[in-house]
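In listed order, ligands and their atoms are each counted from 1.
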Amino acid sequence: MQEAGVNLVSLGVFSWAFLEPRPGQFEFSWLDHVMDLLHEHGVSVNLATATASPPPWLAHYHPETLPLTAEGVRLWPGGRQHYCPSSPVYRDHAVRLVRNLAERYSDHPALAMWHVNNEYGCHVSQCYCDVSAEAFRGWLRERYGDVDALNEAWGTAFWSQRYSDFAEINPPRRAPTFPNPTQALDFKRFSSDALLECFELERAILRELTPGVPLTTNFMGFFKPVDYWKWARREDIVSHDHYSDPDDPEAHVGAAMSYDLMRSLGGGQPWLLMEQSPGHVNWRERNLVKPPNQMRLWSYQAVARGADGVMFFQWRASKAGAEKFHAGMIPHGGTETRVWREVADLGRELAGLGELDGTRSSADVAILFDWNSWWALETSSKPSVDVRQLEQLLSYYHVLFQANVPVDFVSADGDLSPYRVVLAPNLYLASKETARRVADHVASGAKFVTSFFSAIVDENDHVYLGGYPGPWRDLLGIVVEEFVPFPEGHEGTIRAALGKVWNCSIWSEVVALRGAEAMATFEGGICKGLAAVTRNEVGAGAAYYLATRPAQSFMADLLGGVCRDGGVEGFSAPAGVEVARRSGGEHDFTFYLNHRDVAVEVERVPGGDDLLGARTTSNKMRLGPFGVAVIRSESA
Ligand code: GLA
């Protein structure tokens with residue numbers, strides 16, 4: 001570990017069965033030994049609370065702690081994470097373990113941070129058992145007060161679903177046909193909150209016994225089941241597990257998007273890349289290795305987008321168990337291996353980058369992103385299954401990434417004031433309050449872009465009546481009369497005012513102009529000649545609307561123009577080179593990341609040195625295949 005500059009280790013993540021081999025009997029001597037050993041050698045510990053996978057005895061004595069799927073299938077021990085998050089029995093046992101651990105190690109000099117549970121919801125994010133049903137009813141009572149309010153919110157007048165008592169309500173278990181959509185939405189909210197309660201229970205004990213020790217739980221990027229906005233404000237540092245796929249030529253775009261989300265979740269504070277693989281994983285169908293230098297490049301990508309630490313799963317590749325073919329920092333072959341050499345080189349190099357501590361990134365562009373809207377958008381019985389939240393999100397993000405325009409994510413109730421450009425890709429569910437705050441921000445001078453099927457429903461998934469999109473008709477200067485989704489795989493075309501033609505997919509609609517101008521119109525079908533893309537001037541700002549999913553080249557033109565209008569510029573770089581900046585004190589640190597496997601020549605910011613050692617006398621520098629440079633310059 002010293003050879004590789006390792007200074008923080010996550011420990012004990014799946015060790016419950018070793019820490020408590022029999023109910024109430026704790027066995028810490030092995031952990032004492034490892035903690036002491038690490039401390040003696042200058043390595044700190046991110047100590048796991050180990051509650052993510054109960055020992056087999058818990059299910060043996062308390063089978064009711066096992067989770068149940070919507071179909072009524074029980075999930076048994078033998079894998080991991082086999083617990084019902086609402087189970088009081090599971091929770092009591094978890095809390096007892098955490099209290100014992102925290103009492104034992106509160107004063108241990110190696111303890112630097114708590115790692116609460118692990119990847120909440122990774123395998124079991126929703127449980128439909130009777131215990132969960134009772135907890136769901138409690139959650140609903142709290143939200144609605146009485147059953148009439150629930151009936152109103154759920155629209156139970158439809159299909160004879162009216163409840164006369166909370167006792168009649170269940171989770172949306174497998175039903176003959178589509179479940180009530182608001183019931184489904186509330187169950188997603190409840191399930192995220194049920195996991196959050198587990199986190200809170202552990203957190204309370206750790207705060208009580210070790211008030212000065214920071215705590216985190218590892219997130220998984222755009223992980224649908226858990227509303228990370230709610231979680232992030234309850235932890236001291238955001239940490240993230242990310243496994244880019246070397247087989248995906250666009251993997252770094254999705255990675256950048258999740259890193260920007262992590263930075264945004266923490267309000268711009270540094271975050272931690274808690275897990276990545278030193279090479280391959282074991283859980284894809286084909287587990288490709290990272291070619292030489294790609295692990296280093298991808299590690300720096302996290303640092304460039306705000307991470308102050310880079311960690312790995314896992315230290316040593318195991319010889320047994322379900323993850324024995326997952327890469328480790330020390331492979332099965334030991335230290336005479338390429339993977340080890342690259343890991344050790346990276347560790348040595350990162351140790352020299354202390355100057356980056358305390359530096360931050362800033363962005364003029366915000367993307368509105370809301371888990372509630374994502375959940376509601378992707379419940380069943382919509383006009384088209386092709387409208388997927390992440391696909392739409394990526395169609396915007398991809399353009400900004402390629403233009404090296406810094407982006408933050410903002411929650412539906414977040415502060416928009418720092419941003420000159422605000423984007424809301426398919427924000428299906430928008431409260432009147434969110435819609436109004438966006439409109440006010442545009443009136444005060446911001447540029448705004450949104451797409452079809454946005455601001456269609458309120459928090460209860462009820463449609464805003466009187467023409468779509470209810471609360472944004474004035475802002476956008478349009479009214480949508482009818483959705484006209486495309487058949488599967490169909491491509492239409494749109495024509496811009498100057499005659500240029502682009503493909504479009506997924507969706508069209510009948511848009512009437514109410515003050516906006518048409519920037520492009522549909523060329524065929526029911527919507528022929530009607531507006532496909534519009535622009536509306538509002539006070540000092542402007543609001544753009546996409547009534548379809550245009551080709552990426554159109555998205556690039558449109559968002560490029562909007563950014564220019566808003567006075568937002570990206571960093572220039574050749575294709576395949578990502579540029580991102582962190583700033584602090586007197587310096588800017590500009591990262592150049594070559595995602596191609598061939599060398600490129602880059603024109604870099606003037607002045608300053610490459611922190612990674614490349615000497616450049618002119619403003620041109622060469623980045624090798626998967627090469628990285630971090631240029632320090634006087635702050636702009
Ligand atoms: C997750 C888990 C780890 C391990 C890795 C494998 O991130 O937290 O325990 O299973 O996946 O990639």
Would you indicate whether Glu336, at its atom CD, is surrounded by more than 12 heavy atoms from other residues, nucleotides or ligands within a distance under 6.0 Å?
no
Under the salt bridge (charged side-chain N to carboxylate O under 4.0 Å, His left out) test, residues paired with Asp248 that sit two or more places apart
none
Atom-level proximity to ligand 1, residues with heavy atom under 4.0 Å
Phe14, Arg80, Asn118, Glu119, Asp241, Tyr243, Glu275, Trp283, Phe313, Glu323, His326
Should the pair Asp245-Arg284 be classified as a salt bridge under the 4.0 Å nitrogen-to-oxygen rule?
yes
Going by salt bridge (charged side-chain N to carboxylate O under 4.0 Å, His left out), name the residues that satisfy it together with Asp36, two or more places apart in sequence or in a different chain.
none
Distance-only, no hydrogens or angles: does the His242 side chain make a donor-acceptor pair with backbone N or O of Ala256 under 3.5 Å?
no
Could you work out, with ring pair (Phe, Tyr, Trp, His ring centres under 6.0 Å) as the rule, every residue matching Phe369, not counting sequence neighbours?
Phe222, Trp371, Trp374
